Amino acid sequence: MNHDKINHKEIKQEEEKHEEHMDHGHMNHEHMNHEQMNHEHMDMDHGHMEHKGHHDSMVKDFQKRFIISIILTIPVLILSPMIQQFLGFSLIFQGIEYVLFLISSVIFVYGGYPFFKGFYDEVRKKALGMMTLVAVAITVAYSYSTAVTFGLEGTVFFWELATLIDIMLLGHWFEMRSIVGASRALEELSKLMPDIAHRVKGEMVEDVPVEDLAPNDRVLVRPGERLPADGIVVDGKSSVDESLLTGESVPVKKEVGSQVIGGSVNGEGSLIIEVNKTGKDSFISQITDLVEKAQASKSRTQDIANRAAFFLTILALTAGALTFALWLPSMDLGFSLERSVTVMVITCPHALGLAVPLVVAHSTSLSARKGILIRDRVSFEKARALDIVVFDKTGTLTEGKFGVSDVVMLDDGYKKDDVLRYADSVEENSEHPIARAIASETKDRENIRDFKALPGTGVEAMVGGRKVRVVSSKEHEIPERLKDKTTVILVIDEKPVAIIALSDRIRKESVETVRELKKIGVKPVMLTGDREDVARNVAEELGIEEYFAEVMPDEKAQKIEELRRRGLMVAMVGDGINDAPALASADVGIAIGAGADVAVESGDIILVKSDPMAVVSAIDLSRATYGKMAQNLLWATGYNAVAIPLAAGVLYGYGILLSPAVGAILMSLSTVIVAINAGLLRV
């Protein structure tokens, strides 16, 4: 363990010098590799790591089986009479057919094992699918060829069997790589935490493994380093890059009292943070858990695809048997079996089975990077068809805190900045909510003396030789547009200088959100417990035509139900606490501004940032995701409609005939197209 003496001047010094070690090489050095992951992170990501490890091992298994099978296929091709005839050479020796049989048997057993295992699992679960088709097809091909080798009259097609298995293994190898690739966002999250934290003990700094941190520990975070845990800044100021965690592209300023998130990157200044969450309670762990659950959660579209895949399997088996029965009277047994096998191979619902899961994996990872966390996939899919989005006003469309909204000048000798400077200077020492709201407006204050609270009226003090008062506006005429706001008067040397109006300020993003929702055909509605006149002014300022005012918290769910009874698809956007019943009543519940606490149980979709524009992003993503699902399902089913008749030999009279290997290539190509299309999902 490393011990250094802490120099509290270090924080100030390191704020002043812009560290050049914030390049990507340094950042990557901060990343944790899997061998070095601490025990607690292994704990918190256990499910994900186990799941990913399973997929990784499957990728390696298919790769190994493919490579060995393809090597064994080379002598099978060389020894096959049809290939020799096609390439114009002859290689015949005593017992050649038995050598061909032995090598093909190894390929059949070793290369075909994953499909036999999959067939067993599908039969056990009573959910026949692609593995059943492949297993039946290669078993029929192998059994017939074996029978011919040992006396049955006919033609062996061991080379078709070998190439069919090779191509199926290659297709599954690429499929598993696509699935692993689609879950990279979770892997990246698990890498964000550093290995070592600089724990502050009195005047000493000791380097300790991150898993040794506990709540209330204090840690030093130098410029360019990743924060080792969630916590509160207790010393220093800096800007922090949270883009990989919240989707916030601009570095966020942090100072004493600011909440920080483990895994984010510190900027130009040193910080000392007090740890408040570690391990399973941390922001990264909660996000990882939510993303995993979302990827595993049932999708309505997936249910349709699963049913379609089941029926396609039954169709393929039926079509294979029918093809065999129809060709047998006019062609030999070998030809009839080859057509039957080709039909079963080409009809594999492989692409159909992957059409939705790959899109789900990509969309869930993409949404997590944008700070949109999906708890319920069915509700997320509904978001594409929303008619109305109902916003709770306070804390959603507005900032949820008192602030200066208007300054009306009464004396032309002063400017707005002067008014705020004088008012802030006087109010800085007051604890009244109105005073705190004014005092938060600027840091540009002047020294004051003779501060005095005026009970029931306001405050006064001497500022730069002038007597300044901030008092109630009861004695002064207030403009009509400010009647619904809290107002005070700034008086300098007994002369009224300005009216300062305070209210819950509208977020600057809210206007754009309303405009964008209208543009995509979704009607914005506002819901608030505020008075009618306050609600009307906010709605007019935002351009919202319909709103509900003076609604008690327990009545919000009733308003949502009223809208739904109109036959409308409704989303509710709120903070997830007092809005919980309304969020639950809506078709889609969107909890906004979860920040570092993403464990919001009432929302179907959770927005990490307090930015209403993320609602528009969530709707856009839902529509794009559904579009990709529809494209993939259309391709997967349309492909089979064309491929099955070709495989059955309907164009045989025109000289067009697909071999089992060509059928497998087309089937694999269909799967690759579906995987590529899923990966092209963008918003």
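For the numbers below, each heavy atom of this structure counts, side chains included, while hydrogens, waters and symmetry mates do not. Remember, predicted model here, so these are calculated numbers, not experimental data.
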Notebook entry, point to check: Step by step, would you call Leu79 with Phe93 a side-chain contact (heavy atoms from CB on, under 4.5 Å)?
Noted result: CA-CA 10 Å; Leu79 296 176; Phe93 54 84; 3.7 Å; yes
Next item on the list: Evaluate the criterion side-chain contact (heavy atoms from CB on, under 4.5 Å) for residue pair Ile520 and Arg623; output intermediate values, then yes/no.
Entry: CA-CA 11 Å; Ile520 63 174; Arg623 291 179 176 183; 3.6 Å; yes
Note to self: Assess the residue pair Phe335 and Phe324 against the criterion (ring pair (Phe, Tyr, Trp, His ring centres under 6.0 Å)); give the C-alpha distance rounded to whole Å, side-chain angles, the decisive distance to 0.1 Å, and a yes or no.
What the structure shows: CA-CA 9 Å; Phe335 180 90; Phe324 175 76; over 10 Å; no
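Atoms CD1 and CG, on Ile67 and Leu72 in that order, are 12.0 Å from each other to the nearest 0.5 Å. In this structure, Asp166 CG and Ile70 CD1 are separated by 4.0 Å, a value rounded to the nearest 0.5 Å. Here the CZ-CG distance, from Arg339 to Leu328, works out to 14.0 Å after rounding to the nearest 0.5 Å. Atom OG of Ser367 and atom CG of Leu621 lie 5.5 Å apart (nearest 0.5 Å). Rounding to the nearest 0.5 Å places CD1 of Ile78 at 11.0 Å from OG1 of Thr73.
Evaluation of the salt bridge (Lys or Arg N to Asp or Glu O under 4.0 Å) rule for Arg65 yields Asp61 as partners, not counting sequence neighbours. A search for ring pair (Phe, Tyr, Trp, His ring centres under 6.0 Å) contacts involving Phe115 returns His172, not counting sequence neighbours. Every salt bridge (Lys or Arg N to Asp or Glu O under 4.0 Å) that Lys117 has, sequence neighbours left out, goes to Asp121. Every residue two or more places apart in sequence or in another chain was checked for a salt bridge (Lys or Arg N to Asp or Glu O under 4.0 Å) with Asp620, and none qualifies.
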Using distance only, find each side-chain donor-acceptor pair of residues 643-658 under 3.5 Å and give its atom names and separation, not counting sequence neighbours.
none

Distance-only criterion, 3.5 Å: show the donor-acceptor pairs between side-chain atoms of residues 99-110 and protein atoms not counting sequence neighbours.
| unit_1 | atom_1 | unit_2 | atom_2 | d |
| --- | --- | --- | --- | --- |
| Ser104 | OG | Leu100 | O | 2.7 |
| Ser105 | OG | Phe101 | O | 2.7 |
| Ser105 | OG | Tyr142 | OH | 2.7 |

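When only modelled atom types and interatomic distance are considered, Thr132 and Glu122 share a side-chain donor-acceptor pair under 3.5 Å.
In this structure, Arg226 contributes its side chain and Gly263 its backbone to a donor-acceptor pair below 3.5 Å. Without hydrogens or angle criteria, Asp241 side chain to Val265 main chain gives no donor-acceptor distance under 3.5 Å. Checking side-chain atoms of Ser622 against main-chain N and O of Ala618 turns up no donor-acceptor pair under 3.5 Å. No donor-acceptor pair under 3.5 Å is formed between the side chain of Ser340 and the backbone N or O of Ser336.
Between Val210 and Ile196, the closest side-chain pair of non-hydrogen atoms is not below 4.5 Å.
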